[in-house]
Amino acid sequence: MSMDPASCYHCGEPCNRTHIVLDDKDFCCNGCKTVFEIFHQNDLSYYYELQESPGSTPDNTDGKFDFLDTPEFVESLLSFHNEKMEIVDLFIPNIHCSSCIWILENLNKLHDGVSSSQVDFPRKTISITYNTDKIVLKELVMLLSKIGYEPNISLNDYKNAPIKKDRSLWYKTGIAGFAFGNIMFLSFPEYFEVGEFWLEQFKGVFRWLMLVFSLPVVFYSGRDYFISAFKGIRAKLLSIDVPIALGITVLFLRSATEVVLDLGPGFFDSLTGLIFFLLLGKVFQQKTYSFLSFERDYKSYFPIAATRIDADRNEESVQVYKINKGDRLLIRNEELIPADGILISTSAKVDYSFVTGEAKPVRIVSGDKVFSGGKQISGPIEIEVLKTVSQSYLTQLWSRAAFQKDRTSEFRTLTDSIGKRFTITILIIAVVAASFWMVYDSSKALNVFTAVLIIACPCAIALAAPFTLGNMLRIYGRCKFYLKDTQSIERLSRINTVIFDKTGTITTTKINDISYNGLQLTPDEESLLKNTLRGSNHPLSRSLYELLKEHEITTLDDYREHPGKGLEASKDERNIRIGSADFVGNTAHSDTSNTAVHISSDNNYKGYYSFQNAYREGVSDVARALGKTMDIAVLSGDNDGERRQLEKLFPKLTHFYFNQKPEDKLRFIQQLQEQNKNVLMVGDGLNDAGAFAQSDVGIAVSEDINVFSPASDGILDGLKFKQLYAFILASKSAMKIIKVSFVLSLLYNVVGLYFAVSAQLEPVIAAILMPLSSISIVIFTTVATNFLGRNLK
Amino acid sequence: MSVIYVLLAISIAVALIFFTAFIISVRNGQYDDSYTPSVRMLFEDEIVKNSSTDEKPKKSIQLNK
């Protein structure tokens, strides 16, 4: 009998292992079915009509949120509370479609304690207001988990005063736009030189009004340019903000003088327009991926609390920073070890893949050391703490200098490096032109001097980079390559050395190459094996289950799961053991480089399935393409078991380094940078966090961009790994677009300078030329980047 | 011809009203999340069906498909 590959009505996964049918609908597991029932009973089935299979399987959260029984922790998470009601903001990584928004905003239909809930989709957060008489935070969190929307609560949320949203850019742009529009309106009589009597009479009023409107624009909206220019000059750097600030100052002073002394209308329209366009550029390149955090450190990975066991064997939740040396902690299955310690329980299996890059979980026995950041994966254990959290292995990494330095301020962008030459050139032209007029007609000298500085104000140059790179960020985002900011694109274009991590970066955790070694299994044995695996939720069991041929589903006489060891089952007097070598009774065999599942039937050892991490699609192509122009190295936390395969995948001159600790990776990159190399680090886990911070660009490869990835400059979806080279090439092309825009805007400047130097600069010419150059730059960069984006998939 | 002062005052007053509305909307957080409201406005409350009784015909209004 073969099962049809129906997909789950709730989550869309194929219903292979357990197929439940309810109401003519297929479900892949009990969890999904339960969520469906909850929604159905509460009249919320519309959830399934908005989007097909929008849900996700709820995870088991037994004990996970017990720390929310402690009022101290609850209080630290709330954004508002009084006696009767509380407001909490929770981060829910699972939010992904309109159904999610709908169900979460109808949370009050599931529990009458919830008075309102509002989803912020881009940030994947929900703000819930609830009545504390009817529901407490723990129940609320459990309710969300039960319907497949488990919130992510980490140490980062603890006592972290909600960051005040910075909306000043909106205010500044709003004010500049408001003033710009009104000043244009008031300048109309000036543009057309209407000689009408009454308008002539009121000219003064119009001009004074323009002056008043320009005040908030110059002193509030344009403030950042003055600050930045001042800082630049003090640091002896002539950034692009220096000529901009100079232009704004001259524009304002000359216009104000003209109005006060009743000499002319001034250039208030150009002044406010300039600032408005510049601010629009800033709005455009503002961060676009608010749901991804690029600043995460270990705090987002660590839990808020751990379970401490006191002398009387009572369990209590304790804040992780308050864990002391000598405390006994209970670490549940799948929980993180928050501090270095000694294992008290008889044995444990710890997955350090996130910390060290070592793919294989480590088996340790009582008395062995365990290190913070490891994940216990074989049932609950007890440890005794040796070091406090802040002194533990993992957290020590963050005290290194690489995490303190501010790369943003050190980096000189292309625009800024042009700023210096530009400022000097403009000043020379202004002085030369003014000296000429001094001799020829001294009354016009000051006019010419200021006109040069006004018309040369590099508005268009300053807009080229924000619009090109801002658009590139969006294009990359569509290709599932999420960069932190526009500067990262510029840094990416200058890369000449690429370092790869191995585990999780060039290998994938999803597809396994499975091969069987040993005695042939009889059909009966294989059937029993498949039926036994069916009951287990272990990732290896699932992979192996999918691999085996279809067999009839039978009921087992006996089935037992031994966490961290294996499975045991029997049927019709036949018995099977599946699991680790010790568990099935094979002590002779040892295969260190691969993960293996051993099998014995009726206490006779049969053989083992060995699991190999498969390499990502296109690794070899990417490496070879990069190898033509750049240096490549592979730094792995793993042993050198896979050296030969790697050598086949990578070009000849690639260097391989194995058993690299996080500090080693950081130091290696530092050494390369001392040789003036621009290093791109491609990694995945916390073990690469140091390398990310040290490198010029750090990119985290992730199977699921919603789950944790450490602080980096960019996050790349694992499926798009094969595009990495194309992404780097595109960043280089983007820089070329900016250079062409510079040339284009310089042409406008030359035209403007002709008017300025020849003392013919009328306000109306400035009012046409400045927006025209800015707008044509915006159009050119947008069209060019979109064309570039078409070649990326 | 002081009517031009009145006109000026009116035009600036109207502009200021819109400007204030903009500032208030920013302050209320309307510019913080520009995506979710666009989805939310498509939801209809009455679509929540009372399906505990199975006799009701199945309404199928589908969005985003």
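A note on names: the letters A, B, ... follow the listed sequences, proteins ahead of strands, and every chain is numbered from 1. Computation of the quantities below employed the complete heavy-atom set of this structure, encompassing side-chain atoms and omitting hydrogens, waters and symmetry-equivalent molecules.
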S.K.: Can you tell me if B:Arg40 uses its side chain to pair, donor with acceptor, with the backbone of A:Val119 under 3.5 Å?
M.R.: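 Side chain of B:Arg40 to backbone of A:Val119, a donor-acceptor pair under 3.5 Å: yes, one is there.
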S.K.: CZ of A:Phe185: more than 12 outside heavy atoms within 6.0 angstrom?
M.R.: no
S.K.: Identify the residues of residues 13-20 of chain B whose heavy atoms come closer than 4.5 Å to a heavy atom of chain A, ordered by number, or report 'none'.
M.R.: B:Ala15, B:Leu16, B:Phe19
S.K.: Could you look at B:Phe22 and say if it's the side chain, the backbone, both or neither that has a heavy atom under 4.5 Å from chain A?
M.R.: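 Just its side chain gets close to chain A.
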S.K.: So how far is it from B:Ile23 CD1 to A:Arg167 CZ, rounded to the nearest 0.5 Å?
M.R.: 11.5 Å
S.K.: With side chains defined as the heavy atoms from C-beta onward, is the minimum distance between A:Phe213 and B:Ile12 less than 4.5 Å?
M.R.: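 SC-SC contact between A:Phe213 and B:Ile12 confirmed.
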S.K.: Of the backbone (N, CA, C, O) and the side chain (C-beta and beyond), which part of A:Ile175 lies under 4.5 Å from a heavy atom of chain B, both, or neither?
M.R.: both
S.K.: Any sub-3.5 Å donor-acceptor pair from B:Thr36's side-chain atoms to A:Asp120's backbone N or O?
M.R.: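 Answer holds: no.
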